[in-house]
Protein chains: 2
Amino acid sequence: MKLSTKGQYGVRAMIVIAENSNNDKYVSINDIAAKEKISSGYLERIISKLKKAGFVKSERGANGGYILGKKPKDINMFDIMSVLEDNIDVIECVDVQVFEKCDNHCNCKARKLWLKVNEAVENVLKNTTLEDIIADNNKK
Amino acid sequence: MKLSTKGQYGVRAMIVIAENSNNDKYVSINDIAAKEKISSGYLERIISKLKKAGFVKSERGANGGYILGKKPKDINMFDIMSVLEDNIDVIECVDVQVFEKCDNHCNCKARKLWLKVNEAVENVLKNTTLEDIIADNNKK
DNA sequence: AACAATTCCAACTTAAACGATAGGGATTGC
DNA sequence: GCAATCCCTATCGTTTAAGTTGGAATTGTT
Ligand code: FES
Ligand code: FES
């Protein structure tokens with residue numbers, strides 16, 4: 001079981017962008033990539049998804065870059081991960097539509113367990129906003 | 001984020017074995033594979049790991065098969081998954097040893113989030129025993 | 001006007017993991 | 001002896017994840 005790097009990198013990028021958005025400062029892909037030691041080409045595609053979802057706004061050309069598209073308290077980790085991870089469920093059959101087509105569903109006694117795991121993950125992600133993360137780091 | 005089928009199949013296999021272990025009945029790989037619609041060759045290797053870990057015992061030859069190696073209440077899902085999934089942590093850096101070697105660890109503000117996610121998953125898995133699952137299914 | 005810094009976009013490549021298969025040896029009950 | 005089983009290892013094919021490349025469009029600066 002692993003979260004993809006897309007999700008990880010995306011969250012880290014959002015943190016960097018958030019830290020600069022106070023001063024209306026746009027951060028470039030290269031700056032983020034350098035700071036977080038991530039391939040910039042790869043990061044670009046990740047941020048592009050975040051942009052489509054409205055979590056960041058962009059400005060092209062010299063001095064361009066990215067800035068938050070919403071307030072930190074209105075961006076939670078579940079939303080970010082949902083955009084970036086292709087499918088966030090811990091197994092396919094968590095999804096009701098898949099479940100109903102599943103050969104096995106009539107006697108699958110394990111599904112309840114996966115539902116619980118899934119719910120636990122979602123809860124943590126949904127209850128953590130970008131604001132929480134920033135605050136948490138300033139505190140200590 | 002996905003749990004591998006190894007883990008899923010393993011849990012399902014354990015449930016089948018558990019349901020037969022009351023009567024000291026050994027269940028063969030083929031029976032489990034047929035019941036759960038899993039490739040038997042693949043399942044074999046999964047169960048072999050469970051055997052090495054002591055969760056099941058085996059009997060060779062005709063009428064052979066597998067039976068529980070411990071009481072259902074002494075087998076929890078975390079233990080099963082730990083044996084089957086190569087690495088159960090949601091990201092590499094959850095592990096302290098990896099963390100300490102991580103280029104980024106000095107300024108990685110996201111790790112706390114992953115730790116929380118990881119803990120949530122582990123809690124569910126640790127708090128669910130084979131006995132719980134069986135009981136849960138008999139009930140309804 | 002030239003230039004450099006940037007976002008934007010799509011195609012491609014590489015590497016690893018997953019899921020599965022194949023073949024054969026060893027053991028046991030009938 | 002034979003069929004059913006566990007046991008072990010090697011191999012394979014597909015998909016996915018991760019990263020690369022190349023280039024177009026936009027914008028500020030000199
Ligand atoms: S395998 Fe689909 S519900 Fe269990
Ligand atoms: S990347 Fe290693 S701790 Fe964040």
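Within every chain, numbering begins at 1; the chains are lettered A, B, ... in the order of the sequence lines, protein sequences first and strands thereafter.
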Inset, instruction - Return yes when atom NZ of B:Lys57 has more than 12 non-hydrogen atoms of other residues, nucleotides or ligands closer than 6.0 Å, and no otherwise. - result: no
Length of the [atom1]-[atom2] vector between [X] and [N], whole Å:
| X | N | atom1 | atom2 | value |
| --- | --- | --- | --- | --- |
| A:Lys57 | C:dC8 | NZ | P | 13 Å |
| A:Ile91 | C:dG19 | CD1 | P | 12 Å |
| A:Lys2 | C:dC18 | NZ | C1' | 15 Å |
| A:Leu50 | C:dC8 | CG | P | 12 Å |
| A:Glu92 | C:dC18 | CD | P | 14 Å |
| B:Leu84 | C:dG19 | CG | P | 12 Å |
| A:Asn30 | C:dA4 | CG | P | 16 Å |
| A:Tyr9 | D:dA18 | OH | C1' | 8 Å |

Contact class for [X] (heavy atom, under 4.0 Å): base, sugar-phosphate, or nothing?
| X | answer |
| --- | --- |
| B:Ile47 | nothing |
| A:Ser28 | sugar-phosphate |
| A:Tyr66 | sugar-phosphate |
| B:Glu44 | base |

Are [X] and [N] close enough that a side-chain N or O sits under 4.0 Å from OP1 or OP2?
| X | N | value |
| --- | --- | --- |
| A:Ser39 | D:dT20 | yes |
| A:Lys51 | C:dC8 | yes |
| B:Ser58 | D:dC7 | yes |

Legend entry - Verdict with supporting geometry, B:Lys73 and B:Thr129, side-chain hydrogen bond (donor to acceptor under 3.5 Å, both in side chains): CA-CA 6 Å; B:Lys73 77 167 161 47; B:Thr129 67; over 6 Å; no
Minimum-distance nucleotide (side-chain atoms of [X] versus [options]):
| X | options | result |
| --- | --- | --- |
| A:Thr5 | D:dA18, C:dT28, C:dA5 | D:dA18 |
| A:Tyr42 | D:dA18, D:dC8, C:dT21 | D:dA18 |
| B:Arg45 | D:dT9, D:dG28, C:dC30 | D:dT9 |

Inset, instruction - Report yes or no: do B:Tyr42 and B:Thr5 form a side-chain donor-acceptor pair below 3.5 Å? - result: yes
Legend entry - hbond_proxy A:Arg60 side chain to D:dG28 base (donor-acceptor, 3.5 Å cutoff): no
Legend entry - SB check A:Lys109 B:Glu19 (cutoff 4.0 Å): yes
Legend entry - Residue pair B:Asn127 / B:Phe78, side-chain heavy-atom distance below 4.5 Å: no
Legend entry - DNA chain D: 5'-proximal contact among B:Gly41 and B:Ile29 (nearest heavy atom): B:Ile29
